[in-house]
Amino acid sequence: TVDALSTKTGNERFAREVREHDDAFEFLGVAYAVLLAFVVISAYTSYNDAKSGAETEAEAVLQLSRTAEAFSPEQLERLEGLLVCYGRAVIHDAWPAMQEGESSALVNDWGTRFREQALQTQGDTFVQRASFRQLLTEQDHRIEGRRTRLAEAVRTVPEPMWLVLLLGAFLTIGWVIL
């Protein structure tokens, strides 16, 4: 009976310790899940903002091309040519540069060339003068979209957050193993 009594007391003590550890594990798991959710939401928001900026920039380039149709065929050809070169520079130079966290000087150059050409367009009719004002407005939208896209290209998870995430993962897995 002494052995049965000590076994019963040992089992109760073990059960109590398991409950205490379960409470600690629940807290650790919830804290880690909240932190991980924060990182995921931050990454999704950054991705969504970059996507929105890229869409704004692309839509502005399309609108610039449509607005340029109000000008003479020579002016239209020059403006559209510059927009095509700008678009190709974004695809072939800016996107790879963004992977490195940098911006593209080539895209800046084509954007500047377009602006200079747009400022040289001659508006003889009311429609052309209104189109010129619209070109300037759409150029501002293009620049704003590009700024948004570039701002989100360099966002990262801060190093202390990575440390906490890795430590939390290690503790959570280690707790289960122990």
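Below, each value reflects all heavy atoms present in this structure, side chains not excepted, and no hydrogens, waters or symmetry copies.
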| said: How long is the straight-line distance from CD of Glu80 back to SG of Cys85, given to the nearest 0.5 Å? | reply: 12.0 Å
| task | Give the minimum heavy-atom separation between Arg149 and Ala94, together with the two atoms involved. | result | NH1-CB, 4.2 Å
| query | In terms of side-chain geometry, is the basic nitrogen of Glu144 or Arg147 positioned less than 4.0 Å from the acidic oxygen of its partner? | reply | yes
| message | Using a 6.0 Å cut-off, check whether atom CZ of Arg88 has over 12 heavy atoms from anything other than its own residue. | response | no
| field | Distance, nearest 0.5 Å, that separates OH of Tyr47 from OG of Ser52 | value | 11.5 Å
| task | Would you please test Glu59 and Gln63 for side chain to side chain donor-acceptor pair (under 3.5 Å) and show each step? | result | CA-CA 6 Å; Glu59 182 65 30; Gln63 290 302 324; 3.0 Å; yes
| said: I'd like to know if the side chain of Ser131 reaches the main chain of Val127, judged simply by a donor and an acceptor atom lying under 3.5 Å from each other, with no hydrogens or angles considered. | reply: yes
| query | Do we see a donor-acceptor contact under 3.5 Å between the side chains of Arg142 and Gln139? | reply | yes
| Which atoms form the tightest heavy-atom contact between Gln128 and Asp124, and what is the distance? | OE1-N, 2.8 Å
| task | Measure the spacing between CD of Gln134 and NE2 of His141 and express it to the nearest 0.5 Å. | result | 7.5 Å
| In Å, rounded to the nearest 0.5 Å, how long is the span from CD of Glu138 to CZ of Arg133? | 13.0 Å
| Nonpolar side-chain network containing Leu135, other nodes, edges under 4.5 Å | Val61, Leu64, Phe71, Leu79, Leu82, Leu83, Tyr86, Val90, Trp95, Met98, Leu106, Val107, Trp110, Phe114, Leu119, Phe132, Leu136, Leu150
| said: Working to the nearest 0.5 angstrom, can you tell me the gap between Ile91 CD1 and Ser104 OG? | reply: 12.0 Å
| query | Within a strict 4.5 Å, meaning less than it, do heavy atoms of the Arg146 and Ile143 side chains meet? | reply | no
